[in-house]
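Accompanying notes for the structure given below.
Here, residue 1 is the first one in the sequence, and each next residue gets the next number.
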Amino acid sequence: MLIPDAKQYLGRHCAVTFRNRHGDEITKDLHIHDVTFVPLYGAYLIGDVEDVSLERVTSISALDG
């Protein structure tokens, strides 16, 4: 997923599905606070519970309509 694609979810409550470091797919409900580029690490989705690398995100779906 790219930064412009993820920015449409800013400020929304979403179900984010991503792969962990072992390759297992995980889905978490997050309130998306920011999407940013972290030098040396790449693009990140900043949530209320967890921060997720956009390289690992497989899907995002809004839960608040």
Side-chain angles (χ1 to χ4, degrees):
M1 178 166 286
L2 301 173
I3 290 176
D5 299 329
K7 282 194 174 186
Q8 66 182 329
Y9 297 103
L10 286 176
R12 299 180 77 183
H13 192 74
C14 300
V16 179
T17 303
F18 60 95
R19 296 202 178 272
N20 67 9
R21 68 179 102 179
H22 302 291
D24 302 324
E25 205 165 71
I26 296 171
T27 301
K28 290 198 176 183
D29 292 346
L30 301 175
H31 182 80
I32 308 299
H33 291 292
D34 196 9
V35 179
T36 189
F37 183 81
V38 180
L40 300 176
Y41 293 101
Y44 266 79
L45 189 66
I46 310 299
D48 59 342
V49 177
E50 188 166 345
D51 302 338
V52 181
S53 171
L54 283 182
E55 289 180 355
R56 297 183 180 274
V57 173
T58 57
S59 69
I60 300 177
S61 58
L63 298 175
D64 57 6

**OP:** Examine V49 and I60 and state if one hydrophobic cluster contains both, with Ile, Leu, Val, Met, Phe, Trp and Tyr joined whenever side-chain heavy atoms are less than 4.5 Å apart.
**Re:** yes

Original post:
Are L10 and L63 connected, step by step, through hydrophobic side chains (Ile, Leu, Val, Met, Phe, Trp, Tyr) whose heavy atoms are closer than 4.5 Å?
Top reply: no

Original post:
Can you name the closest pair of heavy atoms from A62 and Y9 and give their distance?
Top reply: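 So the minimum-distance heavy-atom pair works out to N-CE2, 4.2 Å.
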
Sequence neighbours left out, cut at 3.5 Å: what donor-acceptor pairs do the side chains of residues 21-46 make with other protein atoms?
{"from": "T27", "atom 1": "OG1", "to": "T17", "atom 2": "OG1", "distance (Å)": "2.9"}
{"from": "K28", "atom 1": "NZ", "to": "E50", "atom 2": "OE1", "distance (Å)": "2.5"}

Original post:
Between atom OG of S61 and atom CZ of R12, what is the distance when rounded to the nearest 0.5 Å?
Top reply: 10.0 Å

Subject >> Flag, side chain of R56 to backbone of N20, donor-acceptor distance under 3.5 Å >> reply: yes

